[in-house]
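Please read the structure below before turning to the comments.
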Amino acid sequence: MTTPMSPMPGPNGPRPGVPLPGHHLSGADPAGFADPAVVRARIDELMFELRAGTRETGSAAAESAGAGAEITRRARILEQAHDVLVQALTTVDKI
């Protein structure tokens, strides 16, 4: 018993229904977000925020608690920067 094979994609692109890379991301504007100046500006904002948050504390306990909060804050900012870069790469991949 043989099963019919699905038609191969033609020169016009992939078959309908086949998801494209990054297609699942909401709000991705291929024309706007792929602009390197937009991506660079957003990353610059996040890096400025990353450097701007260093705090001075007085006691050792406060310093230890502040260090934990600072690490969490930095991780959040770096995760946002990572998301910006992934979205940019995904957008470029879709174009």
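All values derive from a computational prediction rather than experimental measurement. In this chain, residues are counted from 1 in sequence order. Below, all heavy atoms of this structure are taken into account, side chains as well, without hydrogens, waters or symmetry copies.
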Check your understanding: Atom CG in D35, atom OG1 in T91: separation rounded to 0.5 Å?
Key -> 11.5 Å
Check your understanding: About how many Å separate OG1 of T72 and CZ of R74, when rounded to the nearest 0.5 Å?
Key -> 11.5 Å
Check your understanding: Partners of E79 by side chain to side chain donor-acceptor pair (under 3.5 Å), sequence neighbours excluded?
Key -> none
Exercise for review: Would you please name every residue forming a side chain to side chain donor-acceptor pair (under 3.5 Å) with E45, sequence neighbours left out?
Suggested key: R42
Exercise for review: Could you tell me which residues satisfy salt bridge (Lys or Arg N to Asp or Glu O under 4.0 Å) with R40, sequence neighbours excluded, listed by chain and number?
Suggested key: none
Point to revise | Test log, rule side chain to side chain contact (heavy atoms under 4.5 Å, CB included), inputs H82 and V86 | key: CA-CA 6 Å; H82 175 262; V86 167; 3.5 Å; yes
In the structure I gave you, are the side-chain heavy atoms of [X] and [Y] within less than 4.5 Å of one another anywhere?
{"X": "R76", "Y": "E49", "result": "yes"}
{"X": "R73", "Y": "I77", "result": "yes"}
{"X": "L50", "Y": "M47", "result": "yes"}

Exercise for review: Using the rule that two of Ile, Leu, Val, Met, Phe, Trp, Tyr join whenever any of their side-chain heavy atoms come within less than 4.5 Å, decide whether I43 and L78 are in one cluster.
Suggested key: yes
